[in-house]
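I have placed the structure first, in the form of structure tokens, so that the comments after it can refer back to it.
Residue numbers begin at 1 in each chain, while the letters A, B, ... track the order of the sequences. Remember, predicted model here, so these are calculated numbers, not experimental data.
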Protein chains: 2
Amino acid sequence: MRFSKKTEYALRAVLILADHPPNQTLQIQELSSISGVSVKFLEQILLALKKEGILRSKRGVGGGYQLDLPARSITLGQVIRVMDGDLCNLSSTTTSHDTPAYAGSSGLQTRFSEIDTQINQVLNDTSLEEILSMDRPKDVLAFDI
Amino acid sequence: MRFSKKTEYALRAVLILADHPPNQTLQIQELSSISGVSVKFLEQILLALKKEGILRSKRGVGGGYQLDLPARSITLGQVIRVMDGDLCNLSSTTTSHDTPAYAGSSGLQTRFSEIDTQINQVLNDTSLEEILSMDRPKDVLAFDI
DNA sequence: TTATTCCCCACCAATTTAATCGGGAATGAG
DNA sequence: CTCATTCCCGATTAAATTGGTGGGGAATAA
């Protein structure tokens with residue numbers, strides 16, 4: 001059980017955007033060279049993120065992408081969910097008529113849904129801003145002056 | 001991000017075995033019809049579980065499979081790990097030479113490793129017995145007499 | 001009206017997942 | 001001993017998903 005490349009690339013992209021001034025747009029070409037993801041593949045990802053209201057974009061000269069919300073209020077959970085859908089899902093794999101005994105142990109369902117909730121709590125509680133500040137804790141440096 | 005069929009079927013199988021008297025063996029044919037999983041596919045799964053010491057088996061007439069440990073001391077984590085390997089790994093998705101800026105935000109790594117720990121705690125803390133008692137809480141009924 | 005930049009959909013290749021097939025080896029009954 | 005039974009095991013195949021490409025269309029602003 002791991003995260004897909006798409007999810008990983010999406011996280012790279014939004015972190016790059018979060019690391020730039022909020023009213024500056026970045027073109028897909030720039031995002032591509034910074035993140036190391038091909039323009040065409042990134043395109044799919046950015047469009048999906050846009051459709052979900054995480055990014056906004058502008059066409060034509062001087063256009064590009066930017067976050068549609070402050071980095072403080074975009075969470076890992078939101079981004080991941082756009083790309084990968086539900087986390088920790090067991091029941092979605094069972095088809096409609098396929099319900100023999102033990103196909104869906106309700107106890108099992110319950111446990112997995114609890115786990116799902118826990119994961120989501122952590123992911124929905126971590127903002128892009130928080131990730132950035134973990135990467136370069138400049139606040140801490142202030143104390144060294 | 002979801003669990004594979006193999007994992008799901010493995011969980012079905014061990015729950016069925018956990019729901020039978022500990023010293024009774026079930027043949028693969030029975031497990032197949034109860035769980036709704038084909039004999040041949042189930043075979044792969046049971047052999048993997050056996051190799052990891054979760055099941056034991058006996059060949060010939062009257063043979064079959066049974067848990068190699070009490071249901072109380074087999075956890076969801078053990079079963080899932082046999083089928084799917086590591087849970088929730090992000091760092092493994094980045095290849096060696098592929099490390100441009102933002103490829104590995106250390107803050108992101110840290111957060112994901114925290115999440116991984118949390119998931120494992122829940123999964124390693126839930127036994128088959130516990131799942132069964134969630135499915136049919138007969139202890140609760142005793143109070144109604 | 002034209003260069004620029006995002007938008008959209010279809011396609012392809014590689015990998016992984018799901019499942020099947022055809023025997024082989026241990027076990028115990030007779 | 002031999003034979004039915006039941007697990008063991010590797011190879012193969014089919015379907016689905018993932019990762020990635022390509023080509024053209026639509027908005028925007030100079």
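Residues B:S32 and B:S38 come closest through the heavy atom pair OG-C, 3.9 Å. The minimum heavy-atom distance between A:Q66 and A:Q24, with the atom names listed, is CB-O, 3.8 Å. Annotation for B:E130 and B:D125: closest pair OE1-O, 3.5 Å, computed over non-hydrogen atoms.
Counting only residues at least two apart or on different chains, the salt bridge (Lys or Arg N to Asp or Glu O under 4.0 Å) pairs with a member in residues 66-77 of chain A are A:R56-A:D68. The stretch residues 21-30 of chain B participates, sequence neighbours left out, in no salt bridge (Lys or Arg N to Asp or Glu O under 4.0 Å) pair at all.
Annotation: side-chain hydrogen bond (donor to acceptor under 3.5 Å, both in side chains) contacts of B:Q121 (sequence neighbours excluded): none. Residues passing the salt bridge (Lys or Arg N to Asp or Glu O under 4.0 Å) test with B:E52, sequence neighbours excluded: none.
Of the N and O atoms on the side chains of B:T7 and B:S4, at least one donor lies less than 3.5 Å from an acceptor on the other residue.
Rounded to an integer number of Å, the gap from CG of A:D68 to P of C:dC6 is 16 Å. Note: CG (B:L47) to P (D:dA11) measures 15 Å, nearest angstrom. Residue A:R56 contributes atom CZ, which lies 18 Å from atom C1' of C:dC7 at whole-angstrom precision. The distance from atom CE of A:M83 to atom P of D:dG20 is 12 Å, rounded to the nearest whole Å. Rounded to whole Å, atom C1' of C:dC6 lies 14 Å from atom CG of A:L26.
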Scan nucleotides 9-20 of chain C nucleotide by nucleotide, 5' to 3', and note B when protein non-hydrogen atoms come under 4.0 Å of the base, S if they reach only the sugar-phosphate, - if neither. ---------SBB
Give me the distances for all protein-to-nucleotides 2-6 of chain D N/O pairs that come in under 3.5 Å?
| unit_1 | atom_1 | unit_2 | atom_2 | d |
| --- | --- | --- | --- | --- |
| D:dT6 | OP1 | B:Q27 | NE2 | 2.9 |
| D:dT6 | O4' | B:G60 | O | 3.3 |

